Protein chains: 2
Amino acid sequence: MQFSEPKGIYLQIADQMRERILRREWSAGQRIPSIRELAVELGVNPNTVARSYQTLVDSRLIANRRGLGYFVAEDAAERALAEMREAFLRDEMPRIVRTMRLLGIGPEEISAGFSRQERANA
Amino acid sequence: MQFSEPKGIYLQIADQMRERILRREWSAGQRIPSIRELAVELGVNPNTVARSYQTLVDSRLIANRRGLGYFVAEDAAERALAEMREAFLRDEMPRIVRTMRLLGIGPEEISAGFSRQERANA
DNA sequence: TCTACTGTACTATTACTCTAGTACAGTATG
DNA sequence: CATACTGTACTAGAGTAATAGTACAGTAGA
């Protein structure tokens, strides 16, 4: 049996950061909070945040300027969208469809979910 | 920020067991593998499997008969289906819809996923 | 230059899961 | 009764993630 690795806090923080970039809450060229700031805000250790930042540096969504902090890359939003879409379609979708079939839940339930959320946002 | 707990091996084994019950691979009244057997088969420690079994006992999907082993409860499949459906609709669906909206993926992609899997199963 | 920020690096400690090993009681069967 | 299975309980250890704390170098601005 294949076991899935647990998803560390530092990866969850990185996900949240990708989302902020995607939503343009953090826009291109902008400086993002320092490691220490974000650590305090999230109530985690600075080392953990540093690790999150490194994963985003690795996929070139942010870049460091020594002594100044981290800055959002120019093409970050587009890059994040492409990265996340691919990951969702490749990793999540098959698992979701499989589970839905197993539980007798049809695609129309997803559409209903969309409608519900539309009303909630309105 | 809220962090999701990592999903331990014992919970993943429990999930797999629920699925077997749902698929009637393990049918009502039937004896399931002993803790030691399953531990060997999965290559994990017996203590870990024992923990998995306990979670299924807690939701009354299986029951123990001392010295004999564990047996699938009479209404296990129905109970498992209800339990898993509710968990999916409550916990997973909102998250999925939210992510899809964020990534600009429409409900029709799910339908397409269903069709793909249908062809794969045929 | 001094101060207050930045990131980086490192060690030690805590907490938790899983592993490893042992021991013991209940049950069926010969 | 003897044997060979069951589950259960317990202790000890390894491995890993996250925490805690400290130290140090680069940068901006008064």
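A note on names: the letters A, B, ... follow the listed sequences, proteins ahead of strands, and every chain is numbered from 1. Model, not experiment: these values are computed from the prediction.
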| message | Can you see whether Y70(B) has R65(B) sitting over its ring - NZ or CZ less than 6.0 Å from the centre and within 45° of the normal? | response | no
| query | If you check every side-chain atom of E37(A), which of dG7(D), dT6(C), dA17(D) has the closest atom? | reply | dT6(C)
| Nearest-nucleotide pick for Y10(B), side chain only, options being dG26(C), dC18(C), dA28(C) | dC18(C)
| remark: When V44(A) and I35(B) are each assigned the nearest nucleotide of DNA chain D, the 5'-most assignment goes to I35(B)
| Polar pair under 3.5 Å, donor/acceptor by atom type, side chain R65(B), base dG7(D) | no
| remark: Regarding the side chain of N47(A), the nearest nucleotide among dA18(D), dC18(C), dA9(C) is dA9(C)
| request: Return no unless some side-chain N or O of Y70(A) is found under 4.0 Å from OP1 or OP2 of dT8(C). | output: yes
| query | Counting side-chain heavy atoms from C-beta on, which of dT8(D), dT19(D), dT8(C) comes nearest to R36(B)? | reply | dT8(D)
| query | Quick one: does I13(B)'s side chain get under 4.5 Å of Y53(B)'s, heavy atoms only? | reply | no
| query | Does any non-hydrogen side-chain atom of F88(A) lie less than 4.5 Å from one of M100(B)? | reply | yes
| query | For R60(A), does the CZ atom have more than 12 heavy-atom neighbours from other residues, nucleotides or ligands under 6.0 Å away? | reply | no
| Between C1' of dG7(C) and CZ of F71(A), the distance in whole Å | 12 Å
| Donor-acceptor pair (no angle test) under 3.5 Å: N45(A) side chain, dA18(D) base | no
